[in-house]
Amino acid sequence: QVQLVESGGGLVQAGGSLRLSCAASGGTFSTFAMGWFRQAPGKEREFVATISRSGTRTYYADSVKGRFTISRDNAKNTVYLQMNSLKPEDTAVYFCAAERTGITTTNPTAYDYWGQGTQVTVSS
């Protein structure tokens, strides 16, 4: 059974940075496409970023493009989300997810495994 564990969330002032990590276990990490999603109170879960198996292809939501960077280290079974120039509207619970066939997609229903989430709060 694949398990995903996020870490790195917290409280930061607007304009600050955070780096989220997601450690995977129980599967062949290098065969998964990975994604980050977020969910704010009262809102639906939304796509943030996705990365291909090798890490050569990435795709971002327009709302985070140029501020967030997704990356992965297959030797460490870990995917990262570097978040810079944070805004109050970035406040949400952030989830990492794994798509086992290796297809990068923005559709959350396509992902097979999910972490428990980590809270990111950006104060103004």
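Nothing here was measured: the structure is a model prediction, and the numbers come from that model. The first residue of the sequence shown is numbered 1, and numbering continues consecutively from there.
- Considering only residues two or more places apart in sequence or on other chains, Arg67 meets the side-chain hydrogen bond (donor to acceptor under 3.5 Å, both in side chains) condition with Asp90.
- In this structure, CD on Glu89 lies 8.5 Å from OG1 on Thr91, to the nearest 0.5 angstrom.
- Taking Ile, Leu, Val, Met, Phe, Trp and Tyr as members and joining any whose side-chain heavy atoms lie under 4.5 Å apart, directly or through other members, the hydrophobic cluster of Ile51 also contains Val2, Leu4, Val12, Leu18, Leu20, Phe29, Phe32, Met34, Trp36, Val48, Tyr60, Val64, Phe68, Ile70, Val79, Leu81, Met83, Leu86, Tyr94, Tyr113, Val120, Val122.
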Going through the distances and angles, do Glu46 and Gln39 end up as a side chain to side chain contact (heavy atoms under 4.5 Å, CB included)?
CA-CA 6 Å; Glu46 66 172 354; Gln39 188 166 17; over 6 Å; no
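- Distance check: Lys76 NZ to Ser21 OG gives 9.5 Å after rounding to the nearest 0.5 Å.
- Applying the salt bridge (Lys or Arg N to Asp or Glu O under 4.0 Å) definition to pairs two or more places apart or across chains, those involving residues 54-64 are Asp62-Lys65.
- Here Leu11 sits alone; no ILVMFWY side chain lies under 4.5 Å from its own, so it joins no hydrophobic cluster.
- Thr109 and Asn107 are linked by a side-chain donor-acceptor pair at a separation below 3.5 angstrom, with hydrogens and angles left out of the test.
- Taking Ser85 as the reference, nothing meets the side-chain hydrogen bond (donor to acceptor under 3.5 Å, both in side chains) condition, with sequence neighbours excluded.
- Side chain to side chain, Glu99 and Thr101 meet the donor-acceptor criterion of an N or O pair below 3.5 Å.
- Remark: Cys96 SG to Glu6 CD distance equals 4.0 Å, nearest 0.5 Å.
- Under the 4.5 Å side-chain criterion, counting only non-hydrogen atoms from C-beta, Ser17 is in contact with Gln82.
- Using a 4.5 Å heavy-atom threshold, the side chains of Tyr59 and Thr106 count as touching.
- For the residue pair Gly55 and Thr58, the shortest heavy atom distance occurs at O-CG2, 4.4 Å.
- Using a 4.5 Å heavy-atom cutoff, the side chains of Phe47 and Thr105 are not in contact.
- Put simply, OG on Ser52 and CD1 on Ile103 are 12.5 Å apart, with the number rounded to the nearest 0.5 Å.
- The backbone N or O of Gly35 sits nowhere less than 3.5 Å from a side-chain atom of Thr50 that would complete a donor-acceptor pair.
- With hydrogens and angles disregarded, no donor-acceptor distance shorter than 3.5 Å links the side chain of Arg53 to the backbone of Ala33.
- Contact record, Ala14 with Ser124: CB-CA, 4.4 Å, taken as the closest heavy-atom pair.
- Listed by first then second residue, pairs satisfying salt bridge (Lys or Arg N to Asp or Glu O under 4.0 Å) with a partner in residues 113-124 number zero, not counting sequence neighbours.
- Note: Phe37 and Phe95 fail the aromatic proximity criterion, with ring centroids not under 6.0 Å apart.
- In terms of modelled atom types and a separation under 3.5 Å, the side chain of Arg100 and the main chain of Gly27 share no donor-acceptor contact.
- The distance from the CZ atom of Arg45 to the CZ atom of Arg38 is 13.0 Å, given to the nearest 0.5 Å.
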